[in-house]
Amino acid sequence: MVQRSMMQGELVSLESDISGPIAFLKELGGREKTVLRNILSGIGTDAKSVVKRSYRTSGLKKDTGSLYKGIVRRVTKDGRTVIVSTTARNDRQILYGGALAKGSLVEAKEAKALRFQVDGKWVSKTSVKLPERPFITQPVLRHMGTTAFREKLDQLVEREVRKIMRRKAKEAGA
């Protein structure tokens, strides 16, 4: 099913080979771009919910913060790929989801040290190593090999078939 997956920081881009169902829907009278976009949108929404459900098991704690709330999905302009990522930004408008996903070294630049709380105690460090937490890529890639994913894809195709049949019936009755 999955042709290729590309991981970059905090996003996973999925390209699925759904040419068979798309050809079937096209034969029924569906518009290829529309049905493809609708199906990918549904796959993206499903993937986004999988990421949110597995958030705490990925080593992240606060599922009410901007990282959690910023998990989004979008279909690319060409309508052939769905992307799941996070739009979380810090107070300086810097995206930080990639640093959390890939792991990174955070160093003090404007001050002598980084100051933060750990278990209620204030700690000062010149640098902090963030561990790798692929909180988007792992759950999504795991989910794409499940029967739940295949069932979701079948549901999305069935929904498009119903839309096409309703449109045809409406056109025939008009």
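None of the values given here were measured: they were computed from a predicted structure. We count residues from 1, following the sequence as given.
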Distance, nearest 0.5 Å, that separates OG1 of T87 from CD1 of I71: 9.0 Å
Any side-chain heavy-atom pair of T86 and Y96 under 4.5 Å: no
Steps toward side chain to side chain contact (heavy atoms under 4.5 Å, CB included) verdict (F149, V50): CA-CA 10 Å; F149 173 75; V50 165; over 6 Å; no
Minimum side-chain heavy-atom gap V123-Q117 below 4.5 Å: no
Connected via hydrophobic side-chain network under 4.5 Å: V118 and L105: no
Shortest non-hydrogen contact between S66 and A88, atoms and distance: O-CB, 3.5 Å
Modelled atom types, side-chain donor and acceptor of R73 and S41, under 3.5 Å: yes
Within 6.0 Å of NZ in K129, more than 12 heavy atoms from elsewhere: yes
Side chains of L25 and I39 in contact at under 4.5 Å (non-hydrogen atoms): yes
Spacing of R56 atom CZ and Y68 atom OH [to the nearest 0.5 Å]: 9.0 Å
Minimum heavy-atom distance between G79 and L40, given as atom pair plus value: O-CD1, 3.3 Å
CZ (R167) with more than 12 external heavy atoms under 6.0 Å: yes
E171 and K168 ion-paired at < 4.0 Å: no
Counterpart residues, salt bridge (charged side-chain N to carboxylate O under 4.0 Å, His left out), relative to K26 (two or more places apart): E32
Straight-line distance of K152 NZ to H143 NE2, nearest 0.5 Å: 8.5 Å
Check: L36 and R80 side chains under 4.5 Å, non-hydrogen atoms: yes
Qualifying residue, where the test is side-chain contact (heavy atoms from CB on, under 4.5 Å) with V51 and the options are T137, V72, V84: V84
Reported NZ-to-CZ distance for the pair K112 and R115, which is rounded to 0.5 angstrom: 13.5 Å
L114 vs T126 side-chain heavy atoms within contact, under 4.5 Å: no
Any N38 side-chain heavy atom under 4.5 Å of K163 side chain: yes
Pairwise distance NZ(K33) to CD1(I22) - rounded to 0.5 angstrom: 13.5 Å
Closest contact, heavy atoms only, R37 versus T76: NH2-O, 3.0 Å
Beyond-backbone contact of P134 with E132, side-chain heavy atoms, under 4.5 angstrom: yes
Side chain proximity check, T45 to K48, heavy atoms < 4.5 angstrom: no
Pairwise distance OH(Y55) to CZ(F135) - rounded to 0.5 angstrom: 6.5 Å
Intermediate values then yes/no, side chain to side chain contact (heavy atoms under 4.5 Å, CB included), T81 and V75: CA-CA 6 Å; T81 308; V75 177; over 6 Å; no
Residues S58, R133; criterion side chain to side chain contact (heavy atoms under 4.5 Å, CB included); working and verdict: CA-CA 6 Å; S58 297; R133 291 185 178 108; 5.6 Å; no
